[in-house]
Amino acid sequence: MSDRPRDAGSGAGGGAPRDSTTSDASNGEHGGAPQDRVSEGTGISAQPTETGNLGPSPGGTDTATGSTVGKGGVGSEPNPPSEERSAGSAGGAGESGGPARPPRNAPPGSGGRRGKDVGPRAGAPTIADVQAPFRRQEDQGPKQKIAEVRKAIRGALSEDRGQTGEHEGVAVIELDHVSLAFDEPILQDVSFAAYEGETIVVVGESGTGKSTALKLILRLLVPDSGQVLIQGQDISHLSFDEALQVRQKMGMVFQGAALFDSMTVFENIAYPLREHTDLNEDEIEARVREKLEFVDLEPDRVMEQLPAELSGGMKKRVGIARGMANNPQIMLYDEPTSGLDPLTTGTITRLIMKLQRELDVTSVVVSHDIRSAFRMATRIALLAEKHIVFFGTPEEMAASENEYIRDFLGGF
Amino acid sequence: MNAAAKGKVLRIQEYFGLAWKALRFIFARPFYATDLVQQMDAIGVQSLGIVLLTGFFTGMVLALQSAVQLQTFGATMYIGRLVAASMIRELGPVLAGLMVAGRVGSGIAAQLGSMKVTEQIDALNTLGTDPIKKLVTPRVLAALVMLPVLTIINNMVGIMGGMIIASLMFGLPGGFYWRTVWEQIAADGFTLTYIPNDFIQGLIKPFVFGGIIAITSCYYGLGTTGGTEGVGLSTTRTVVATSITILIMDYFLTQVLLSVVGS
């Protein structure tokens with residue numbers, strides 16, 4: 001592990017995933033053409049190499065390229081998705097939290113799901129642009145036509161989101177070839193990095209170690225090998241007290257909110273302020289009110305309630321308010337939308353995006369909810385069989401022809 | 001060494017590690033005074049009823065059984081001495097310890113266990129608070145302070161119960177009963193430089209038992225896994241482990257104290 005170059009995340013290869021993902025091999029050596037290379041004028045991206053997105057195979061090989069992922073694999077014949085599915089996936093991605101994303105309640109035609117936000121927006125390619133490659137190659141087979149359309153959509157979305165995937169400076173959060181085992185391996189050679197203002201969503205099947213990755217970032221767990229770096233500082237070897245200091249930079253929202261039962265909502269949110277700041281009670285109350293209003297709760301109504309008196313969605317919102325009470329630079333979310341109805345799920349997702357947009361915090365979200373993941377993610381990490389098998393933008397994921405990824409997306 | 005043995009050694013190490021940290025944090029900032037007061041109330045004040053009841057009836061039954069036996073030798077005047085010695089040296093600390101272990105120990109294990117399975121312990125960690133300092137130390141300190149207090153109350157109530165039986169059923173005057181009690185516990189006086197053996201034994205034991213109850217219940221509570229079923233398991237284990245440990249430690253403490261301070 002230690003013989004691997006640590007700066008896998010530095011530099012390059014457009015299309016973020018490759019620069020900070022899994023192994024050296026994915027860092028360009030085998031990756032083929034750089035990803036998300038944007039064609040001049042048209043905004044249509046070149047075909048990204050799927051191999052660059054893929055980490056080690058579940059079987060344990062370290063070479064990212066050419067390795068198969070799950071049942072499918074790059075080398076295997078992809079399931080040709082229907083045109084509608086492809087467009088729909090990409091459209092869903094387009095709705096995610098990029099700067100140019102239209103508001104959720106925008107009128108039809110101005111953006112939204114099912115690829116509508118590839119529409120005629122200022123500076124964005126038109127439907128005609130998107131369809132151009134398809135028309136030019138009418139004589140090609142249907143598979144090739146579909147591939148061309150997907151390339152076009154991907155390029156349009158990348159333009160629309162204004163994300164080049166290139167990052168400068170030190171990653172805010174970085175897992176560098178991290179492995180962890182208890183009785184059996186949990187994570188093996190996992191690497192990814194989140195840069196300032198990014199929202200990384202970690203998805204994967206149950207039991208693949210997603211929450212464990214969060215606990216490593218929080219240093220609630222220490223990796224067996226590899227490094228966990230927060231703002232460039234390796235936290236794996238910190239003492240307990242030093243780790244407590246580092247954790248103050250982070251806000252964590254737990255799956256079940258993890259509000260303190262014996263405390264009121266006010267006391268829960270005030271807790272980190274009382275512990276770690278010199279604010280007086282008036283200032284603390286003002287801050288608590290501010291945070292409650294941020295998460296769309298009425299302070300006067302909920303402040304004196306106990307967690308047991310709140311609904312699931314309200315608990316999650318109070319959990320977010322508590323997590324952000326200290327104005328952390330990093331927010332971590334463990335299944336923030338699990339167990340919630342679709343409307344509340346949308347509310348929580350919007351809150352996470354609002355937090356990123358307005359406060360520019362760096363976030364890592366562990367989620368099963370692929371729809372929310374596509375909405376809020378800057379990049380998505382897919383964990384399977386203890387490895388990161390994909391790390392890239394939602395568009396790249398939607399465009400992936402890898403069978404496992406397509407199965408995972410389940411037609412989304 | 002096989003895995004099971006290693007696991008046991010590891011658990012013992014964890015137990016004493018927890019005890020050491022909890023005791024060390026008594027003298028380290030920040031001090032959670034509010035939590036300490038709350039725990040003193042939960043462990044001490046709220047256990048008062050059960051301790052009073054236990055002590056009173058234990059004293060009465062002790063006087064009754066003793067008097068029946070002493071009557072055979074015409075020695076009922078020694079009821080006070082016997083009840084006092086039994087209550088202060090053994091029954092007071094042990095019964096108070098067992099009662100608190102059952103009531104408070106199980107409560108602590110259940111509370112911390114619930115906090116563990118609902119990720120509240122992890123939440124404390126992520127909010128930059130050491131859970132041992134916040135949760136364990138106040139409970140240990142409260143138990144160390146309150147169990148001796150409860151034991152003293154238990155002893156007093158027990159001796160009073162003995163007096164009621166001695167006076168009402170065996171015709172022993174109250175004043176005489178109290179004089180024999182005093183002779184037993186402070187025959188050679190009571191000064192700052194001389195503390196009678198009964199007091200030493202009677203107060204060291206509950207201090208130790210208090211520590212055992214708090215640390216064992218916190219240990220099982222914080223080690224809870226497996227959801228609500230795990231919480232139930234931790235609670236049961238806590239009560240069993242603390243009760244057995246109290247009884248075993250009582251014997252060894254008595255041996256040590258008798259050899260150190262004499263009978």
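Note on naming: letters A, B, ... go to the chains in the order of the sequence lines (proteins, then strands), and numbering restarts at 1 for each one.
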**OP:** Tell me, out of A258(A), G251(A), A325(A), who's got the most heavy-atom pairs with chain B below 4.5 Å.
**Re:** A258(A)

Original post:
At a heavy-atom separation under 4.5 Å, does L259(A) approach chain B through its side chain, its backbone, both, or neither?
Top reply: backbone

Original post:
Hey, is CG on D278(A) packed in by over 12 heavy atoms from elsewhere, all under 6.0 Å?
Top reply: no

Subject >> Residues Q248(A), L127(B); criterion side-chain contact (heavy atoms from CB on, under 4.5 Å); working and verdict >> reply: CA-CA 6 Å; Q248(A) 288 176 41; L127(B) 291 168; over 6 Å; no

Original post:
Do L220(A) and T126(B) come within less than 4.5 Å of each other through their side chains, counting heavy atoms only?
Top reply: yes

**OP:** Could you tell me whether R301(A) atom CZ has more than 12 heavy atoms of other residues or ligands within 6.0 Å of it?
**Re:** no

**OP:** Taking the side chain as every heavy atom from C-beta outward, state whether M252(A) and D122(B) have any atom pair closer than 4.5 Å.
**Re:** no

Original post:
Got a sec: does the CE of M263(A) have more than 12 other heavy atoms crowding it under 6.0 Å?
Top reply: yes

Original post:
Q255(A) versus chain B, heavy atoms under 4.5 Å apart: side chain, backbone, both or neither?
Top reply: both

Original post:
Is there a donor-acceptor contact under 3.5 Å from the side chain of Q120(B) to the main chain of D261(A)?
Top reply: yes

Original post:
Any side-chain heavy atom of L244(A) sitting closer than 4.5 Å to one from N125(B)?
Top reply: yes

Original post:
At a heavy-atom separation under 4.5 Å, does M250(A) approach chain B through its side chain, its backbone, both, or neither?
Top reply: backbone

**OP:** Using a cut-off of 6.0 Å, state whether more than 12 heavy atoms not belonging to Q233(A) lie near its atom CD.
**Re:** yes

Original post:
So what's closer than 4.5 Å to chain A heavy atoms on L124(B): side chain, backbone, both or neither?
Top reply: both

Subject >> Gap between atom NZ of K21(B) and atom CZ of F240(A) - 0.5 Å precision >> reply: 5.0 Å

Original post:
Above 12 or not: heavy atoms from other molecules or residues under 6.0 Å from CZ of F207(B)?
Top reply: no

Subject >> Any side-chain heavy-atom pair of Y271(A) and T129(B) under 4.5 Å >> reply: yes

